[in-house]
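The structure that follows is given in the form of structure tokens.
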Number of protein chains: 2
Amino acid sequence: MRTPDLSSRQLRAFTALADQRNFTHAAQTCHLSQPAFSALIATLESALGARLFDRDKRSVQLTPEGRLFEGAARRLLEDMGSALESLASHVELRQGRVRIAALPSLAAGWLPAVFAEFMHAWPGITLELHDALSDACIALVRSGQADFALAVPGAGAALSDLRTRRLCADGFHLVCLPGHPLVGETRLTPAKLAHWPFIQMTRNSSVRQALDAALHPLRLNTVFEVEHLATVRGLVEAGLGISVVPALTLFHFQGAVVTRPLPLPSLQRSVHLVQRKGASLSVAAQALHGLIVERMGNRVLD
Amino acid sequence: MRTPDLSSRQLRAFTALADQRNFTHAAQTCHLSQPAFSALIATLESALGARLFDRDKRSVQLTPEGRLFEGAARRLLEDMGSALESLASHVELRQGRVRIAALPSLAAGWLPAVFAEFMHAWPGITLELHDALSDACIALVRSGQADFALAVPGAGAALSDLRTRRLCADGFHLVCLPGHPLVGETRLTPAKLAHWPFIQMTRNSSVRQALDAALHPLRLNTVFEVEHLATVRGLVEAGLGISVVPALTLFHFQGAVVTRPLPLPSLQRSVHLVQRKGASLSVAAQALHGLIVERMGNRVLD
DNA sequence: GCGCTTTACGCTGCGCGTAAGTATC
DNA sequence: GATACTTACGCGCAGCGTAAAGCGC
């Protein structure tokens with residue numbers, strides 16, 4: 001009794017009758033038989049504990065209480081409608097936002113093309129991209145600031161609260177000057193790289209971690225540890241050493257240096273999709289996630 | 001499908017589950033068995049076309065769409081609640097307004113005491129009083145500016161769109177100076193008044209109309225036609241004539257003039273309650289209407 | 001094994017439409 | 001008698017509770 005139930009059907013019936021002031025017509029509007037409609041109004045009146053309409057034979061009119069309720073009823077229906085509309089427009093991908101975190105190499109590599117396709121298909125969806133190193137990407141997912149991440153989880157990271165899915169892999173490539181002896185090698189192996197001055201990425205980069213894991217326990221002749229691939233390129237170009245980088249980053253190395261694929265299955269960097277385990281993705285995020293899987297799933301880039 | 005039905009039960013179930021994140025507990029909150037509650041949520045999700053909760057075994061959480069809907073759901077419930085509360089407070093006379101039109105004689109006579117009683121019983125109800133002549137009172141009712149009127153409908157007035165109910169009657173009283181010959185009359189009759197200089201109210205006053213109707217075709221010796229009873233009193237007091245006024249207006253004549261009842265059943269003014277025929281009264285107006293009938297119904301004032 | 005949700009399954013009763021009733025013009 | 005709302009009545013199905021079955025931990 002304290003909180004009578006109220007349904008949108010009742011509210012619609014009420015406003016229809018308030019509009020038309022005729023049970024028969026309002027019943028048709030609500031796709032009900034007239035007696036059923038009558039009962040619906042009667043139920044509403046009884047639930048509210050107030051007579052809402054005067055049925056003075058020949059004319060139906062709102063009572064003062066009915067007029068009082070009318071405004072509220074219309075407002076409720078409108079709010080209900082816009083809430084449903086908003087939800088529907090998100091479900092139907094007319095509206096929404098996806099926040100994604102990705103490694104800089106992916107963010108600069110194939111991701112833009114997928115974004116473009118997605119944005120063309122769903123122009124109402126706003127995409128937000130954080131390009132960050134793997135750990136930062138995963139932290140963004142964990143904190144809920146990103147819906148999912150494209151990253152290369154390090155070996156030691158705790159991922160029990162996350163769902164990770166292998167998406168695709170990057171082959172690694174040798175980078176050196178055109179005249180370097182390794183360019184002519186027919187069968188490049190890790191061991192053959194070990195002697196040469198080697199330019200590394202910093203230890204927290206996914207490139208470095210993948211490389212360390214793949215070459216372990218081989219020791220390289222590290223001469224530099226730098227943050228940016230552009231720096232690697234500059235150092236190689238200056239003849240100060242060689243390096244090994246994932247296929248996805250090769251766009252940094254077009255021009256004065258040469259690159260050679262290292263055809264080693266063990267020497268691959270696996271890109272993972274990372275999301276929170278308990279929480280599902282929004283419809284929009286699912287759609288982008290799906291498109292990414294569709295376009296890049298199980299690819300190996302060389 | 002275009003406009004899914006939404007009930008307050010569903011919204012309450014939704015918010016309960018969003019709050020408690022546990023089907024079993026939320027079901028208890030809603031006084032439902034757990035399976036029934038589960039089905040209720042499932043129905044809602046299906047109606048909205050979106051999954052609202054992640055049931056990831058061990059933990060229930062809102063999906064992104066669920067979070068989107070949560071705000072709207074809570075707002076809807078709150079608005080619904082306040083609409084119901086407002087309606088209830090009107091029905092239960094904690095809130096409201098009654099606009100009443102009444103003849104000045106009633107407005108100054110017994111009406112204030114009834115108002116005082118009503119306002120004491122229902123302090124939340126605002127009373128609005130228009131004191132006006134009968135025709136104006138009736139016009140206010142007809143235009144909806146007054147809920148009902150206390151008036152003395154003239155003989156010729158068209159009242160087919162109004163519901164009138166006789167409330168009570170006023171006897172008429174002679175008003176003259178203390179030493180006047182009529183004061184000693186044992187049996188006052190209209191004919192005995194005819195010779196004396198007579199002070200009339202204007203023709204559109206209900207006093208005058210009742211008097212004219214009752215005395216017809218007797219011709220009085222009219223020496224003044226005035227608007228206000230206070231003027232009548234002044235003129236009588238100055239010895240310029242006699243007058244006849246309803247019992248309700250006698251409070252104007254205490255002091256230097258004397259009054260004598262005219263014991264003629266035909267010489268009565270019937271006070272009517274007037275309201276619109278098609279439209280019912282608000283609960284508050286009904287309450288005041290009822291109190292007025294209770295206190296004054298079928299009284300004859302002498 | 002325990003806690004929690006879902007599935008299965010009768011059963012009650014709400015709410016529907018048809019048809020008859022009633023009242024006003 | 002025409003119109004419009006209410007009452008009567010039988011019926012189907014939505015929605016309930018009980019009981020049993022998944023499913024992680």
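Bear in mind the structure is a predicted one, so any value in this text is a computation, not a measurement. The sequence lines fix the lettering, A, B, ..., with proteins before strands; numbering per chain opens at 1.
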* Asked: Looking at residues at least two apart in the chain, or sitting in another chain, which of them share a side-chain hydrogen bond (donor to acceptor under 3.5 Å, both in side chains) with B:D79?
  -> none
* Report the nucleotide, chosen from C:dT5, D:dT6, D:dC16, that has the shortest atom-to-atom distance to any side-chain atom of B:R55. => C:dT5
* Whole angstrom is fine here: how far is it from CZ in B:F37 over to C1' in C:dC4? => 13 Å
* Listed by chain and number, what are the side chain to side chain contact (heavy atoms under 4.5 Å, CB included) partners of A:I125, not counting sequence neighbours? -> A:L93, A:V98, A:F118, A:W122, A:L127, A:A284
* Can you check the A:L44 CG to C:dC14 P distance for me, whole Å? -> 17 Å
* Any side-chain hydrogen bond (donor to acceptor under 3.5 Å, both in side chains) involving residues 138-148 of chain B? Give me the pairs, sequence neighbours left out, ordered by first then second residue. => B:R99-B:D147, B:R142-B:D161, B:S143-B:Q145
* Asked: By side-chain hydrogen bond (donor to acceptor under 3.5 Å, both in side chains), which residues pair with B:E45, not counting sequence neighbours?
  -> B:R55
* Could I get the full list of salt bridge (Lys or Arg N to Asp or Glu O under 4.0 Å) partners for A:R299, not counting sequence neighbours? => none
* To do: Report the distance from atom CG of A:D5 to atom P of D:dG15, rounded to the nearest whole Å.
  => 12 Å
* Structure fact -> Separation of C:dT5 atom C1' from B:L40 atom CG, nearest Å, is 15 Å
* Could you tell me which residues satisfy side chain to side chain contact (heavy atoms under 4.5 Å, CB included) with A:H272, sequence neighbours excluded, listed by chain and number? => A:P153, A:T164, A:R166, A:S270, A:V274
* ring-ring contact (aromatic ring centres under 6.0 Å, His included): which pairs involve residues 51-86 of chain A, sequence neighbours left out? -> A:F14-A:F53, A:F14-A:F69
* Structure fact -> Within residues 11-32 of chain A, the residues having a heavy atom closer than 4.0 Å to DNA chain C are A:L32
* **Protein proximity profile, nucleotides 18-25 of chain C - base contact B, sugar-phosphate-only contact S, no contact -, cut-off 4.0 Å on heavy atoms** => BB----B-
* Asked: Below 4.0 angstrom, N of the basic side chain to O of the carboxylate: do B:E128 and B:R97 qualify?
  -> yes
* Nearest-Å distance, CD1 (B:I41) to C1' (C:dC4)? -> 15 Å
